[in-house]
Asker: 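My questions will all concern the structure given below.
Residues: numbered from 1 along the sequence shown. Everything quoted here is computed from the prediction, not taken from an experiment.
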Amino acid sequence: MRLNTDFVAWFRSVAPYINAFRSKVFVVAFGGEVVADGKFVELVHDLNLLASLGVRLVLVHGARPQIEARLKESQLQTTYVRGMRVTDAATLQCVKESIGRVRVEIEALLSMGLPNSPMANAAIRVASGNFVTARPVGVIEGIDLMHTGEVRKVDTAAVRFRLEQGEVALLSPLGYSPTGEIFNLTLENVAAEAAIALKAEKLIFLMDTDGIEEECGGSSGALLLRELTVAEGKVLLTKLANKAARLSDDAQLYLPFAVKACEGGVSRVHLINRHANGAVLQELFTHSGIGTMISEGPLQNLRDARIEDVGAILQLIEPLEIDGTLVRRNRELLEMEINRFVVVEHDGMIIGCAALYPFPHDKAGELACLTVHSDYRGTGCGDTLLKNVEAKARSQGSKKLFVLTTRTAHWFVERGFLQADVEELPKAKQGLYNYRRRSKVFVKKI
Ligand SMILES: CC(C)(COP(=O)(O)OP(=O)(O)OC[C@H]1O[C@@H](n2cnc3c(N)ncnc32)[C@H](O)[C@@H]1OP(=O)(O)O)[C@@H](O)C(=O)NCCC(=O)NCCS
């Protein structure tokens, strides 16, 4: 029974994400390591799930380990200039062979449809082709990088057409020039440019570490930065350039492209650990995610509630109504009183709310329904809501704010509320006081 209740609650909790993600373009980028170490099957199951929920998927793969192995086999030495491989004709041959092999393996795994597996009835159609036009990087520090290139253009019309047909687009780190040449590209360059050109909702980099982890020094280890704005990302990159910060190798590799993609209009870039079970699902379908999310501006904002927030508010307060912390409110009442509510939105999801009921005759206001989602408690969200309600009450001419609570007395006391008698409530409220519930009354002068 408990299992059923949890399952139903969980399924309902992911509904907002499913609605928000349908028909959106997600670019998922992963290195050749994912294919090399056999982890791609698990990833394919999760990608299949996303595709079946209506997400338009563009996959960008790399092939670094495979290229390295092939070069070693051919006993070819590689020269690097500013971290970029010089691709001469012999190296390009290895690059083409390695990327071709990885692409075929990916296509094969995406074609799986075994019964009794998450891929049953999946029938993913993969589209790959000459979607990326490239140009040569040219001469750097006096060295010609030859067939090493960078993205010049992504054929968005062709990719979009394929996505609209329900296909998954697969991009390789190769590009072609109008003169018919082939260029060796990096997966991060292809992924960021494709995401920008396609105006993707999300760009997801799968990496070997948990996300952007800033080393704190001493014994405290590294701190995972769960959210980062573009401005914060740029500060970190400057610190990195000045050797004032240290990041993992792949964080150093992906962060500049993540920042670039956000600046180019991609709503969110996620950097997540590919080794975590269901990494993509955990990142996308849970409030807190598992990696680092980068966005242009701050993700959290406080605003007046709107009628379309009613469902989300009901979902937020439901567990607290069940355990008796809050008084039950039905949908009709909430719809009628929605203009009394303020909400805190985090990345498009409602994670906190509070209501103010004015009693103008008594120059008083009631704070009610103060709730913060359990994943976001202890981060000052409750305080922000309280301050907003206080300011609102003050602007309406109230001199005091009162609250009725059964379990949160200390939280209010620590914020300047004093316990009071029921008789101190406005007369209209006294008439409604539920003596069975025996809530405590707290009042704050504002
Ligand atoms: C009360 C509530 C809104 C606070 O939200 P929040 O965003 O966690 O608040 P803040 O981050 O501003 O404050 C967190 C602090 O409050 C403390 N706190 C949380 N709930 C508390 C409670 N019931 N009693 C006393 N202190 C409490 C936390 O321990 C934390 O203190 P710390 O930083 O010293 O550890 C949130 O805990 C909640 O939604 N609770 C359930 C609903 C509820 O009780 N609402 C009030 C109904 S009248």
Asker: Is a salt bridge present between Glu390 and Lys444, judged by a nitrogen-to-oxygen distance below 4.0 Å?
Answerer: yes
Asker: Does any non-hydrogen side-chain atom of Val28 lie less than 4.5 Å from one of Val60?
Answerer: no
Asker: Taking the six-membered ring for Trp and the single ring otherwise, decide whether the centroids of Phe412 and Phe417 are under 6.0 Å apart.
Answerer: yes
Asker: According to the interplanar angle, ranging from 0 to 90°, do the rings of Tyr17 and Phe21 count as parallel (below 30°), tilted (30 to 60°) or perpendicular (above 60°)?
Answerer: tilted
Asker: Looking at side-chain heavy atoms only, is the closest gap between Arg56 and Glu164 below 4.5 Å?
Answerer: yes
Asker: Which is it for Val35 and Ile106 under the side-chain contact (heavy atoms from CB on, under 4.5 Å) test, yes or no, and what are the steps along the way?
Answerer: CA-CA 7 Å; Val35 183; Ile106 293 173; 3.9 Å; yes
Asker: Once rounded to the nearest 0.5 Å, what's the spacing between atom CG of Leu198 and atom NZ of Lys24?
Answerer: 14.5 Å
Asker: Is any side-chain heavy atom of Gln396 less than 4.5 Å from a side-chain heavy atom of Leu356?
Answerer: yes
Asker: How many angstroms lie between atom CG of Asp309 and atom CD of Glu335, to the nearest 0.5 angstrom?
Answerer: 12.0 Å
Asker: Looking only at atom types and distance, does a side-chain atom of Glu201 sit under 3.5 Å from a main-chain N or O of Arg268, one as donor and one as acceptor?
Answerer: no
Asker: Atom CG of residue position Asn242 - does it have more than 12 heavy atoms of other residues, nucleotides or ligands inside 6.0 Å?
Answerer: yes
Asker: Which label fits Phe30 and Phe40: parallel for a plane angle under 30°, tilted from 30 to 60°, or perpendicular past 60°?
Answerer: tilted
Asker: So, Glu345 and Arg303, do they make that salt bridge, N to O below 4.0 Å?
Answerer: yes
Asker: Which pair of non-hydrogen atoms, one from Thr229 and one from Glu232, has the smallest distance, and what is that distance?
Answerer: N-OE1, 2.9 Å
Asker: Quick one: does NZ or CZ of Arg415 land under 6.0 Å from the six-membered ring centre of Trp411, within 45 degrees of the ring axis?
Answerer: yes
Asker: Under the 3.5 angstrom rule, does the side chain of Thr371 hit a backbone N or O of Cys369 as a donor-acceptor pair?
Answerer: yes
Asker: Report yes or no: does Asp362 contribute a side-chain atom to a donor-acceptor pair with the main-chain N or O of Ala364 at less than 3.5 Å?
Answerer: no
Asker: Any chance you could measure Asn184, atom CG, to Ile99, atom CD1, to the nearest 0.5 Å?
Answerer: 5.5 Å
Asker: Taking CG in Asn277 as the centre, count heavy atoms belonging to other residues, nucleotides or ligands within less than 6.0 Å. Is the count above 12?
Answerer: no
Asker: Are Val344 and Ile350 packed together at the side-chain level, in the sense that at least one heavy-atom pair is separated by less than 4.5 angstrom?
Answerer: no
Asker: Run the side-chain contact (heavy atoms from CB on, under 4.5 Å) check on Leu314 and Leu334 step by step: do they pass?
Answerer: CA-CA 8 Å; Leu314 281 171; Leu334 197 57; 3.6 Å; yes
Asker: Take atom NZ in Lys39; do more than 12 heavy atoms of anything else shown fall under 6.0 Å from it?
Answerer: yes
Asker: Within the structure provided, determine whether Leu418 and Val443 are in side-chain contact (heavy-atom separation under 4.5 Å).
Answerer: no
Asker: Can you give me the closest heavy-atom contact between Ser439 and Leu404, atom names plus distance?
Answerer: CB-CB, 3.9 Å
Asker: Run the salt-bridge test on Asp37 and Arg274 with the 4.0 Å N-O cut-off and return the result as yes or no.
Answerer: yes
Asker: Does the plane of the ring in Tyr435 sit parallel, tilted or perpendicular to the ring in Tyr433? Use 30° and 60° as the thresholds.
Answerer: perpendicular
Asker: To the nearest 0.5 Å, how far apart are CD1 in Ile212 and CE in Met207?
Answerer: 5.5 Å
Asker: With a cut-off of 6.0 Å (strictly less than), are more than 12 heavy atoms of other residues, nucleotides or ligands near CZ of Arg135?
Answerer: yes
Asker: Of all residues at least two apart in sequence or in a different chain, which pass the salt bridge (charged side-chain N to carboxylate O under 4.0 Å, His left out) check with Arg407?
Answerer: Asp323
Asker: Whether Lys239 and Glu214 form a salt bridge (side-chain N of Lys/Arg under 4.0 Å from carboxylate O of Asp/Glu) is what I want to check.
Answerer: yes
Asker: Please answer whether the main-chain N or O of Ile124 pairs with a side-chain N or O of Glu167 as donor and acceptor at a distance below 3.5 Å.
Answerer: no
Asker: Between Thr186 and Glu188, is the side-chain contact (heavy atoms from CB on, under 4.5 Å) condition met? List the steps.
Answerer: CA-CA 5 Å; Thr186 62; Glu188 48 279 9; 3.5 Å; yes
Asker: Any chance the side chains of Asp208 and Ser248 put a donor and an acceptor closer than 3.5 Å?
Answerer: no
Asker: Checking Asp375 against Ile351 for the side-chain contact (heavy atoms from CB on, under 4.5 Å) test, could you report, in this order, the C-alpha distance in whole Å, the side-chain angles of both residues, the deciding distance, and whether it holds?
Answerer: CA-CA 9 Å; Asp375 284 353; Ile351 59 143; over 6 Å; no
Asker: Roughly how far apart are Thr384 OG1 and Gln300 CD, rounded to 0.5 Å?
Answerer: 7.5 Å
Asker: Any chance the rings of Phe402 and Phe359 have centres within less than 6.0 Å?
Answerer: yes
Asker: May I ask you to check whether His346 and Tyr376 place their ring centers less than 6.0 Å from one another?
Answerer: yes
Asker: So, the side chain of Glu424 versus the backbone of Asp421: is there a donor-acceptor pair under 3.5 Å, distance only?
Answerer: yes
Asker: Would you check, one step at a time, whether the test side-chain hydrogen bond (donor to acceptor under 3.5 Å, both in side chains) holds for Asp250 with Thr209?
Answerer: CA-CA 8 Å; Asp250 44 1; Thr209 46; 3.2 Å; yes
Asker: Could you list all the salt bridge (charged side-chain N to carboxylate O under 4.0 Å, His left out) pairs where at least one residue sits in residues 427-443, not counting sequence neighbours?
Answerer: Glu366-Lys429
Asker: Is any side-chain N of the basic residue among Lys392 and Asp304 closer than 4.0 Å to the acidic one's carboxylate O?
Answerer: yes
Asker: If I compare all heavy atoms of Glu296 with all of Glu263, which pair ends up nearest, and what's the gap?
Answerer: OE1-CA, 3.8 Å
Asker: If every non-hydrogen atom of Glu213 is compared with every non-hydrogen atom of Leu247, which pair is closest and at what distance?
Answerer: O-CD2, 3.4 Å
Asker: May I ask you to decide if Val372's main-chain N or O and Arg377's side chain share a donor-acceptor pair within less than 3.5 Å?
Answerer: yes
Asker: Does a side-chain heavy-atom distance below 4.5 Å link Leu302 with Val343?
Answerer: no
Asker: Look at the side chain of Ser295 and the backbone N and O of Gly297, then say whether any donor-acceptor pair between them is shorter than 3.5 Å.
Answerer: yes
Asker: Hey, are the side chains of His61 and Ser172 touching, using non-hydrogen atoms and a 4.5 Å cut-off?
Answerer: yes
Asker: Kindly say whether Val151 contributes a backbone atom to a donor-acceptor pair with the side chain of Asn189 at under 3.5 angstrom?
Answerer: yes
Asker: Do Ser52 side-chain atoms and Asn48 backbone N/O form a donor-acceptor pair below 3.5 Å?
Answerer: yes
Asker: Have Thr133 and Arg152 got a donor and an acceptor in their side chains that come within less than 3.5 Å?
Answerer: no
Asker: Do Val280 and Leu206 have side chains that get closer than 4.5 Å, going by heavy atoms?
Answerer: yes
Asker: Sort out for me which residue in Thr292, Leu284, Ile294 forms a side chain to side chain contact (heavy atoms under 4.5 Å, CB included) with His270.
Answerer: Leu284
Asker: Hey, what do you get for CG (Leu228) to SG (Cys262), rounding to the nearest 0.5 Å?
Answerer: 9.0 Å
Asker: List the atom of Ile313, the atom of Cys353, and the distance in Å for their closest heavy-atom pair.
Answerer: CG2-SG, 4.0 Å
Asker: Looking only at heavy atoms, which two atoms of Leu163 and Ala169 are closest? And how far apart?
Answerer: CD2-N, 4.1 Å
Asker: For Glu321 and Arg329, indicate whether the former's side chain and the latter's backbone hold a donor-acceptor pair under 3.5 Å.
Answerer: yes
Asker: Take atom NZ in Lys260; do more than 12 heavy atoms of anything else shown fall under 6.0 Å from it?
Answerer: no
